Structure formats: C-alpha cells, structure tokens
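The next block holds one structure in the form of structure tokens; read it before the comments.
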Amino acid sequence: MLDKQYQAKDHEAKIYKMWLDHDCFSPDSEISQNLNKKSKKANESFSIIMPPPNANDPLHVGHAMFVTLEDIMIRFARMQGKDTVWIPGTDHAGIETQFVFEKKLKKEGKSRFNFDRETLFKMIWDYVSENSAVAVDQIKQLGASADWSRYKFTLDKDIVETVTETFIKMNQDGLVYRANRLVNFCPKCGTAFSNLEVDHKEQDTSLYYIKYGPFTLATTRPETKFGDTGLAVHPDDKRYQKYIGQEIEVEGLNGNFKLKVIADDFVDPKFGTGVVKITPYHDFNDFAAWQRHKDELPEPIQIVDFEGRLTATAGKYAGLKIAIAREQVIKDLEEKGLLVKIDKNYHNNLSVCYRCGNPIEPLPLPQFYIKVKSLTNSVIKKIDQGEIKVFGAGHDKILRHWLETLEDWNISRQIVWGIRLPIWYEIDKNLDAQITFIDQEKNRVSGKLADLLKENSIEEIRAGLQNISARIEANYLISQENPGERYLQETDTFDTWFSSSQWPFVTLINNKPGDFERFYPTNTMETAYDILMFWVMRMLMMGIYKTGQTPFKNIYLHGLIRDAKGLKMSKSKGNVVNPMEISEKYGTDALRMALVIRSSAGLDKSVGDADFKAGRNLSNKLWNASRFILITREENQVNQPINCAHDQVFKEKLKQITKDVTKNLESFQLGVAADTLYNEFWHWFCDQCIEESKKGLINQDLMLDGLKTFLKLLHPFIPFVTEAIWQELAKENLVEDKILTSSAWPE
RNA sequence: GGACAAUUAGCUCAGUUGGUUAGAGCGCACGAUUCACAUUCGUGAGGUCACAAGUUCGAGUCUUGUAUUGUCCACCA
C-alpha cells in the first residue's frame with residue numbers, strides 16, 4: 001500500500017542511484033541497447049552536449065532550467081529508441097574563476113603578484129578541484145540523465161591538446177595574426193577583454209572645455225592630454241579651415257608643445273567646439289583616426305599604464321591613478337587660466353568591466369587575433385541552406401546580424417587560469433622582451449630580458465615567470481611541444497570562449513572510440529539566449545571550420561528565469577531562488593515542472609513559490625491516482641465488467657493526447673507539452689475518468705493502461721515520481737519493462 | 001541612433017499552418033468531504049486578447065501604423 005502523500009525526498013536519491021546502477025544513461029549499456037532493438041528509430045542518433053557550467057560554482061536557477069529542458073529532450077529521444085547520449089562537462093571559466101580566487105587571496109592579504117604563474121595556476125587548480133564535485137552532484141540531483149562515463153572538463157589534457165591543435169591549424173590556414181591595437185583593458189582584473197565582454201554604464205560626468213592654442217576644445221578625459229599627438233576638425237568646418245594642415249603651439253602643464261591639425265569627417269562640428277584632441281593610445285576613435293592619418297601624425301604616446309596609472313611621460317603626474325590625476329590636472333589648468341568652463345550636466349556611457357564593474361581603459365597591447373570573416377561566412381551559408389534551425393523568439397535575426405558585423409576576435413587574455421597559448425619566443429632573438437618574474441629571494445622583478453639575464457639564469461626566470469611582453473615585431477614559433485631550452489612560452493592564455501567554442505567536437509573526439517562519427521553533428525544545442533554571441537555563434541564558426549559540418553542542427557534558446565513578480569533575480573534584491581532548496585523542499589520534479597510548464601523558447605519566465613507548490617501537487621496527484629488504481633485492483637480484481645460504456649472514447653482520447661504531446665516535443669514545444677499533460681492528466685484522467693471508472697463506465701485494466709501511458713508521457717518532465725510509481729507497478733508485475741527511464745515511448 | 005521582442009483574467013503566463021463558447025497556476029466568492037488525494041473535490045465571478053486601420057465568409061493569430069515596456073547593439077571627444 002502506498003503512502004497517502006508522495007514524499008519526494010524519500011525517493012529521489014534512491015531512484016537516481018538505481019538508474020546509474022542499471023547504466024540507463026549510457027547508450028552502450030545492455031538496457032539501452034535492448035530499448036533500441038525494439039525501436040524503428042535505432043539508427044537515428046540523438047545527442048546533446050551539455051553547456052558546461054563553471055566547475056567552481058554551485059548551480060543557480062538558470063542551470064536548473066537547462067538541465068530540465070535538455071533532460072526532457074534526452075529522455076524523450078531515449079524512450080523513442082534513438083541512439084541517445086547527453087555528454088556532461090564543466091568549464092574552467094577563466095576570468096570568472098581567477099577573479100573569485102583573487103578575492104580569496106586578497107582576504108589572506110595576498111595577490112596574484114606574489115606568485116609565479118605556474119604556482120598560481122596550481123593553486124587555482126586545487127581550489128577548483130575542491131569545489132568541482134558540487135556542481136556535478138547538483139546536476140545529478142536535478143535528475144540529469146547524462147552519461148557520466150563521458151564526462152569532460154575544459155582543462156583535461158586531451159581537450160587542451162585538441163584546442164591548441166585547432167589554433168595551430170588556424171595559424172597554418174592564415175587565420176591567426178598578432179597586432180598591436182587598442183584593447184579593452186581592465187586594470188583591476190589585469191587583462192584585456194573582447195568587445196562582447198564590455199558593459200556600458202550611463203553616467204553623469206563633466207565635460208571640460210580647455211584652451212589649446214588658438215582653440216578651445218571639449219573633453220571628458222583631460223588627464224590623457226599628455227598623450228595627444230594631434231588635433232582634428234571636420235573638413236568642411238568653416239571656422240577652422242585655415243588651421244588644417246598647420247602646426248599650432250599649445251601651452252601645456254608640462255611646458256609648451258606643438259600639435260598638427262588634421263581634417264577628418266569623424267569629427268562632429270556640432271559637438272563641443274568642433275575640435276577634437278587626438279589621443280590614439282587611449283581612445284578607439286582617436287586610434288582609428290590616427291591610422292587614417294599615419295603619415296601626417298607622429299607616433300602615439302602611451303600615457304596610462306596597465307595598472308591604471310599615468311606613465312613617466314606625464315611628468316609630475318606620473319604614477320597617479322586616473323581619477324586623481326584628472327582632479328589634479330583640472331586644478332592646475334584652472335590656475336594657469338587654461339580651463340575655459342566645465343559642463344557639469346554632461347551625460348554619457350562609460351565602458352566598464354563586466355566582471356568587476358571598474359572602468360575599462362582602451363590601451364595598446366600586442367594580442368593574437370583570429371580573422372573571423374571566412375568563419376562567419378561559412379555559418380551564414382549553412383543557415384541559408386537551412387541546416388540550422390533556431391528556436392527562440394527572434395534571436396535567429398540577432399544571430400545573423402552578429403555574423404554579418406563581427407570584428408576580428410582577440411583571443412589573448414592576461415590571466416593564468418586557462419589554456420596557455422602555444423607560442424614560443426626564442427630568447428636570443430627577443431632580448432628586448434619585457435619580463436616580470438619572481439626571483440629566488442621572492443622579489444618581483446621587471447625589466448628587459450637582456451638585462452635580467454645578467455643577474456639571473458634563464459631557468460630562474462622561467463621558474464618564476466609571471467609575464468612576458470614581447471614587442472610587436474617579435475619572432476615567435478607556434479608549437480604544441482616545447483621547442484627547446486632557449487625558448488620562453490607566451491604567458492597569455494586563450495579566451496575561455498576559444499576553448500568552449502570547440503566544445504561540441506572536442507568532447508566527442510576525445511571520448512569513447514567512434515563517438516565523433518556516431519554523434520556528430522549533435523542534434524540540439526540548448527542554452528540561454530544571453531550567451532548566443534559569446535558561445536553559440538562561435539561554436540558554429542569553429543565547428544564548421546574544424547569539421548566542415550554544423551556542430552548542431554537545432555538551437556533552442558531559453559530565457560531568463562525571473563521571480564514571481566517578473567523581476568530579475570539579484571543578490572541585492574534578495575529574490576534569488578536557489579534551485580537546490582526548492583528541490584529539497586518540494587522535490588526536483590516540482591522544480592522542473594514549474595520551470596518548463598508554459599515556458600516558451602527565447603522568452604523569459606517567471607517562477608515563484610506558487611508554481612513550485614503547483615508542481616509538488618501534481619506529483620502528489622499522480623501518486624494518488626496510482627494509489628487509487630492499485631487499491632481498486634486489489635479489492636475488485638475478480639468482478640470487473642469487460643466492456644464499459646466509455647471505453648472506446650477513453651482509448652481515442654488517450655491516443656490523441658499521446659499524439660499531441662509527441663508532436664509538441666518533436667517541434668520543441670516543451671512548455672505546451674507540459675501544459676497539455678498537466679491539464680489532461682489532472683482534469684481529464686483524474687477528475688473525469690477516475691470518477692467514471694468508479695461508476696463502472698471505464699474498464700479498470702484500461703485505466704491502468706491509461707496510467708502507464710501518462711507515466712511515460714510525463715516521465716521526461718517529472719522523472720522521479722513517475723519512476724517511483726513505475727517501480728510500485730513493477731512490484732505487482734503490472735509492467736513489462738523494469739525501468740521506466742529505459743522503456744519505450746507510447747504510440 | 002539601429003535592431004529584436006513583448007503587450008491576453010486581479011497577478012504570472014500559455015495559446016505555431018486564421019475556424020465553435022479564448023485557457024492554466026495562484027488569488028477571489030460560495031459549497032462539499034470519514035468514499036485515491038485538504039498537496040482534495042464541485043460551482044461561480046473575472047477578458048472590447050494595448051490601440052487604430054486593413055486582408056478575409058471568419059482575426060488573439062496575418063498586414064500596416066501608433067503607443068507603452070523590455071532586451072541587445074552602436075555611440076560625440
């Protein structure tokens with residue numbers, strides 16, 4: 001006899017263990033093979049590569065969403081008898097993780113500067129190892145029917161090798177180059193970012209009007225004036241015609257200097273005074289202008305360093321942090337009578353680091369870039385050929401827009417937690433490289449390689465190495481292996497997205513023999529729309545580049561999970577839902593149902609306590625309907641009418657529901673499928689049919705069949721309670737298949 | 001400035017080839033109950049489907065425009 005209430009807690013862990021014990025999630029196990037044998041779809045492969053969560057972080061509700069949706073797809077495909085695999089993994093999450101680790105170091109009174117890069121890497125490795133079981137255990141708790149024997153981590157040796165091989169191949173194909181351009185540099189995090197990783201924040205600031213010789217010009221960044229190498233006006237601006245091409249004398253804070261006036265139509269004559277100072281190394285527009293007028297203008301000057309301080313060129317302001325330097329400069333300009341006025345109500349957008357929120361500095365840095373044009377074109381072609389379907393409320397158009405406008409991809413990051421670039425500098429040819437290392441006395445030493453070698457051996461430098469900045473003209477070798485004793489490896493690591501963009505094929509190439517041929521291209525990529533361009537777009541580019549095929553046929557994008565009122569979840573608002581707490585309190589099935597029911601691809605979804613309760617109630621309802629059917633069988637087994645009045649109608653309706661749900665699932669209408677099942681089960685099967693069966697209008701065996709059908713149809717959505725009930729039926733010998741997870745989908 | 005969405009019951013949201021009386025959860029009102037389930041059951045109230053025009057025998061659904069909200073991108077120093 002079943003309990004009156006279904007207690008999720010008493011069943012879930014046991015059931016998950018049973019699935020694992022029977023190897024239900026592996027496509028190679030006996031139980032899976034048996035299921036395939038019975039199916040007409042055994043030749044179809046169905047694979048999903050799990051978006052690897054950050055190995056270091058506990059799961060949030062967004063993870064619960066992807067686990068739910070992907071598990072539904074996988075369980076459905078598996079029950080259909082397809083050759084099904086879901087490959088799980090975790091991500092080293094370069095910047096995220098190093099940022100968290102550095103915060104921890106700071107609490108201990110240390111920083112990344114105290115350690116050589118190898119020691120620091122090892123410390124982070126150990127830290128991540130300690131925590132990485134948490135994410136995996138939580139994914140399991142959410143019922144994920146992933147094949148854990150195929151689990152991968154982005155820093156696994158074989159993965160790293162394949163990722164760097166791809167880079168080497170790209171280099172051979174002429175897709176890699178090194179360039180000295182402005183990058184988005186975060187002085188706080190100590191690394192450059194791609195354009196995609198920069199946030200923009202509206203701010204109120206001041207616009208300063210400053211005297212520049214015969215001109216007055218407006219700027220928000222007076223502290224960069226020491227890096228000015230020219231002035232620009234609009235070519236048609238009548239006010240300034242006579243100055244174009246002239247050199248003018250400017251009174252400055254560090255003495256007088258000369259600037260050439262150029263004409264360029266990027267200048268808006270209506271903004272400020274229509275005169276712009278050109279500071280190529282600290283402003284993207286100015287850099288572009290300098291490149292257009294290279295022959296007219298002198299070499300740019302770097303006035304801000306990588307720690308956010310003014311350089312020696314700034315004279316008495318050298319070493320000051322930007323904000324302080326700005327105040328000082330303004331004060332001094334005012335004293336000298338060079339400050340004309342300040343517009344204090346100026347409003348603009350400031351670029352900030354998406355990670356730490358501090359201002360991003362445009363700074364010149366030699367970095368490795370990937371030419372993207374041929375890659376994006378190949379993706380567009382595949383889309384045009386209809387090889388990729390996007391489910392997600394207009395995001396296909398956004399994807400296309402990105403593919404058409406994407407700029408070359410800066411893949412160098414100045415952090416240690418990642419895959420080191422397979423770039424090698426020959427020592428004797430790069431004696432002018434700038435090196436920072438920890439010497440044997442634990443002192444941090446910086447300087448030119450040639451100078452450092454006078455006091456230290458190359459082994460000492462290599463062992464304590466923190467950073468190499470080779471000149472843009474530097475010779476380098478690209479090689480998987482260390483080319484020899486007289487080489488130093490580049491200290492930059494790959495952008496995390498460079499490795500994760502290869503995830504679909506690296507996880508298959510470096511897995512069980514034959515997996516790549518068997519499961520690639522994967523069927524569906526399911527992830528949140530907010531990483532469409534970071535990840536999905538790049539997976540398409542890299543997948544097609546490396547394999548000639550799209551890495552997946554379908555892209556299902558889910559939205560943000562919001563709170564009950566539709567507000568974004570955030571720690572500061574205190575409205576963050578911890579999926580694990582919900583799972584403990586109401587059951588994993590309740591959580592899953594609340595997330596998926598009536599959800600729509602590409603649209604945000606709000607959930608709250610009421611939704612979780614509704615989910616829990618469904619589990620209980622299912623449990624009790626089963627309880628009723630089992631009880632009445634025991635009590636009434638001998639004496640049941642064979643043909644009842646509503647039998648035929650019942651069968652037809654059941655068939656229709658099966659057909660509808662199957663169709664919904666096949667067309668990625670997961671939210672509709674869940675809604676249909678919820679309503680038909682509760683309001684038709686329970687409220688109507690069970691009541692009618694009590695009156696003898698529906699045959700009891702038929703009711704059992706109906707229950708079994710609903711258990712199967714509901715199983716992908718709420719796997720635990722359906723399996724728990726199935727096991728009760730199995731005890732009574734009422735089912736053929738021992739395990740619901742590995743049973744066939746109804747027709 | 002550009003693009004993409006959304007707008008349906010008090011709240012949060014479904015409604016995919018246009019087709020009877022537009023649905024769910026929660027909330028609300030009234031009632032029931034030792035009979036599988038109070039994590040229950042029954043009955044009910046509540047909607048000019050943002051607005052306007054158009055296509056059509058027929059529009060929540062298609063077209064155009066407007067408004068509001070949101071997201072993404074770009075950005076003038």
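Per chain, numbering begins at 1; letters A, B, ... match sequence-line order. The structure displayed is predicted, hence computed values, not measured ones.
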Gap between atoms CG and C1', on Asn620(A) and rC41(B) respectively (whole Å): 14 Å
Whole-angstrom distance between rG46(B) and rG23(B), as gauged at atom P: 14 Å
P atoms of rA14(B) and rG54(B), separation to the nearest Å: 30 Å
Range-with-range stems of RNA chain B (Watson-Crick or G-U pairs under 3.5 Å, three or more in a row): B:1-7 with B:67-73, B:10-13 with B:23-26, B:28-32 with B:40-44, B:50-54 with B:62-66
I want to check one thing: is the phosphate of [N], taken as OP1 and OP2, less than 4.0 Å away from some side-chain N or O of [X]?
X: Lys613(A); N: rU39(B); value: no
X: Lys4(A); N: rU40(B); value: no
X: Lys605(A); N: rA14(B); value: no
X: Asn624(A); N: rU39(B); value: no
X: Trp682(A); N: rC37(B); value: no

Tell me, please, which residues at least two apart from [X] pass ring-ring contact (aromatic ring centres under 6.0 Å, His included).
X: Phe391(A); value: Phe668(A)
X: Tyr556(A); value: none
X: Tyr6(A); value: His11(A), Trp623(A)
X: Trp402(A); value: none

Residues from residues 261-276 of chain A lying under 4.0 Å of RNA chain B - heavy atoms: Val267(A), Asp268(A), Phe271(A), Val276(A)
Sugar-phosphate only, base, or nothing, as touched by Ala614(A) at under 4.0 Å among non-hydrogen atoms: sugar-phosphate
Options [options], nucleotide nearest the side-chain atoms of [X]:
X: Val672(A); options: rG15(B), rC4(B), rU39(B); value: rG15(B)
X: Asp687(A); options: rC41(B), rC37(B), rA36(B); value: rC41(B)
X: Cys686(A); options: rA6(B), rC4(B), rA36(B); value: rA36(B)

Enumerate the residue pairs fulfilling salt bridge (charged side-chain N to carboxylate O under 4.0 Å, His left out) with a member in [range], sequence neighbours excluded, ordered by first and then second residue.
range: residues 259-268 of chain A; answer: Asp264(A)-Arg292(A)
range: residues 660-684 of chain A; answer: Lys41(A)-Glu666(A), Arg598(A)-Asp675(A), Lys653(A)-Glu680(A)
range: residues 686-699 of chain A; answer: Glu691(A)-Lys694(A)

Over 12 non-hydrogen atoms of neighbours within 6.0 angstrom of NE2 in His293(A): yes
Heavy atoms from other residues, nucleotides or ligands near CD of Gln291(A) exceed 12 (cutoff 6.0 Å): yes
Test of ring centre spacing under 6.0 Å for Phe185(A) and Phe193(A): no
Give each protein N/O atom lying under 3.5 Å from an N/O atom of nucleotides 30-32 of chain B, with the pair distance.
none

N/O-N/O pairs, protein side and nucleotides 67-75 of chain B side, under 3.5 Å:
from: rC75(B); atom 1: N3; to: Asn349(A); atom 2: ND2; distance (Å): 2.8
from: rC75(B); atom 1: N4; to: Asn349(A); atom 2: ND2; distance (Å): 2.3

Would you tabulate the pairs of protein nitrogen or oxygen atoms and nucleotide nitrogen or oxygen atoms of nucleotides 22-24 of chain B closer than 3.5 angstrom?
from: rA24(B); atom 1: O2'; to: Arg598(A); atom 2: NH2; distance (Å): 3.3
from: rA24(B); atom 1: N3; to: Arg598(A); atom 2: NH1; distance (Å): 3.3

